[in-house]
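Only heavy atoms go into these numbers, but all of them, side chains included; no hydrogens, no water, no symmetry mates.
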Amino acid sequence: SGGLVIDSYQITSGSITYTVNAENTEEETNYTEETLDDGSTVRRYTAEIEGLTAGESYQFGVQAHNKRDFGELVETNTIKTHTTPDAPQWSGISSTNYTFTAMWMAPEDNGGSEILGYNVYLDEQLVNQDGYLTEENGLFTNDEGDICYTYDGAPLTLGATHRIRISAVNSVGAGAQTSGMRVTIQ
């Protein structure tokens with residue numbers, strides 16, 4: 001900064017520009033301070049930048065600013081924004097006692113965000129109307145490590161065939177659905 005106090009940082013990627021104040025204010029906290037093993041202090045700034053496209057990669061540049069001018073542009077690592085997860089992978093489906101149990105593996109790509117739960121669809125209708133399914137409301141893991149859900153609600157009729165689909169949910173939303181797996185109710 002040439003002996004002058006840094007007053008802001010400018011973050012750019014293509015046509016996107018965002019400015020972060022260098023000091024915390026009562027209204028917002030822009031950074032946290034961390035003391036390193038050598039005793040020096042590092043400020044880690046956080047910025048929520050709007051206008052990015054989900055699933056796209058961005059290379060950002062950061063420049064410090066003081067009352068004279070902007071400093072040297074420093075390139076960051078490439079950052080990929082979060083997107084919805086891929087479809088889970090089917091392991092199987094079974095039926096007994098007027099129920100069906102769907103079994104699947106987590107998607108290969110979680111969209112860059114932790115999987116929060118799953119949606120189960122019965123003939124295109126969402127089974128879990130009160131939010132995505134988790135271990136707290138019905139999911140379980142079988143001995144093979146599959147994620148499982150047993151459905152015993154209406155309209156399951158002995159001998160009827162239904163198509164079941166699954167989608168994973170992360171902080172962005174519900175991802176792609178699996179291909180339909182058919183089950184005949186036993």
Side-chain angles (χ1 to χ4, degrees), residues 1 6-34 36 41-66 69-91 102-122 124-137 139 141 145-147 149 163-181:
S1 69
I6 295 172
D7 57 27
S8 65
Y9 293 91
Q10 183 169 294
I11 304 167
T12 58
S13 180
S15 63
I16 298 169
T17 301
Y18 186 82
T19 302
V20 176
N21 291 329
E23 294 298 322
N24 284 336
T25 65
E26 288 183 26
E27 293 83 34
E28 61 182 335
T29 301
N30 298 318
Y31 67 83
T32 58
E33 290 188 348
E34 178 180 336
L36 302 179
T41 301
V42 174
R43 284 187 179 172
R44 298 194 188 279
Y45 287 84
T46 302
E48 189 171 310
I49 301 173
E50 296 180 2
L52 304 180
T53 302
E56 293 294 319
S57 294
Y58 294 90
Q59 172 93 39
F60 289 94
V62 179
Q63 290 178 287
H65 181 267
N66 61 28
D69 203 0
F70 286 99
E72 179 181 341
L73 180 69
V74 177
E75 296 280 327
T76 66
N77 294 331
T78 299
I79 299 167
K80 184 175 181 181
T81 57
H82 295 174
T83 187
T84 56
D86 286 349
Q89 301 299 310
W90 276 113
S91 297
M103 298 159 280
W104 65 91
M105 297 298 290
E108 289 184 19
D109 184 351
N110 65 6
S113 181
E114 175 186 1
I115 300 297
L116 301 173
Y118 293 88
N119 287 329
V120 175
Y121 301 86
L122 170 66
E124 308 304 326
Q125 296 296 313
L126 185 62
V127 168
N128 44 296
Q129 295 291 327
D130 296 330
Y132 52 81
L133 295 169
T134 65
E135 289 182 358
E136 285 78 38
N137 63 358
L139 293 185
T141 304
D146 297 322
I147 302 162
Y149 177 69
R163 187 173 62 174
I164 311 304
R165 294 178 187 264
I166 311 293
S167 67
V169 179
N170 66 9
S171 63
V172 178
Q177 294 179 16
T178 59
S179 58
M181 179 76 81

For Asp146 and Thr141, what are the C-alpha separation, side-chain angles and deciding distance, and is it a side-chain contact (heavy atoms from CB on, under 4.5 Å)?
CA-CA 5 Å; Asp146 297 322; Thr141 304; over 6 Å; no
To the nearest 0.5 angstrom, please state how far the [atom1] atom of [X] sits from the [atom2] atom of [Y].
X	Y	atom1	atom2	value
Asn110	Thr83	CG	OG1	10.5 Å
Gln63	Leu73	CD	CG	4.5 Å
Trp90	Met105	CH2	CE	13.5 Å
Gln89	Ile166	CD	CD1	12.0 Å
Asp86	Glu108	CG	CD	7.5 Å
Tyr58	Leu52	OH	CG	4.5 Å

Can you spot which of Thr134, Asn137, Asn119 makes a side-chain hydrogen bond (donor to acceptor under 3.5 Å, both in side chains) with Asn128?
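Going through the options one by one, the only one that passes is Asn119.
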Report yes if the side chains of [X] and [Y] come closer than 4.5 Å at any heavy-atom pair, otherwise no.
X	Y	result
Ile79	Ser57	no
Leu126	Tyr132	no
Pro88	Tyr118	yes
Ile115	Pro85	yes

Applying side-chain contact (heavy atoms from CB on, under 4.5 Å) to Thr53 and Thr81, what does each step give before you reach the verdict?
CA-CA 7 Å; Thr53 302; Thr81 57; 5.7 Å; no
I'd like to know if the side chain of Arg165 reaches the main chain of Thr178, judged simply by a donor and an acceptor atom lying under 3.5 Å from each other, with no hydrogens or angles considered.
yes
Check the surroundings of atom CD in Glu75: do more than 12 heavy atoms from other residues, nucleotides or ligands lie under 6.0 Å from it?
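Yes, the 6.0 Å shell around CD holds more than 12 heavy atoms from other groups.
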Partners of Glu34 by side-chain hydrogen bond (donor to acceptor under 3.5 Å, both in side chains), sequence neighbours excluded?
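Checked Glu34 against side-chain hydrogen bond (donor to acceptor under 3.5 Å, both in side chains); matches are Arg44.
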Testing the 3.5 Å rule here: is there a donor-acceptor pair between the side chains of Thr78 and Gln59?
yes
Audit row: His65, Asp7, side-chain contact (heavy atoms from CB on, under 4.5 Å) steps and yes/no
CA-CA 6 Å; His65 181 267; Asp7 57 27; 2.9 Å; yes
Could you check, using the six-membered ring where one of them is a Trp, whether Trp104 and Tyr149 have ring centers closer than 6.0 angstrom?
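When the ring centroids of Trp104 and Tyr149 are compared, they turn out to be at least 6.0 Å apart.
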Mind checking what makes ring-ring contact (aromatic ring centres under 6.0 Å, His included) contact with His82, not counting sequence neighbours?
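His82: no ring-ring contact (aromatic ring centres under 6.0 Å, His included) contacts found.
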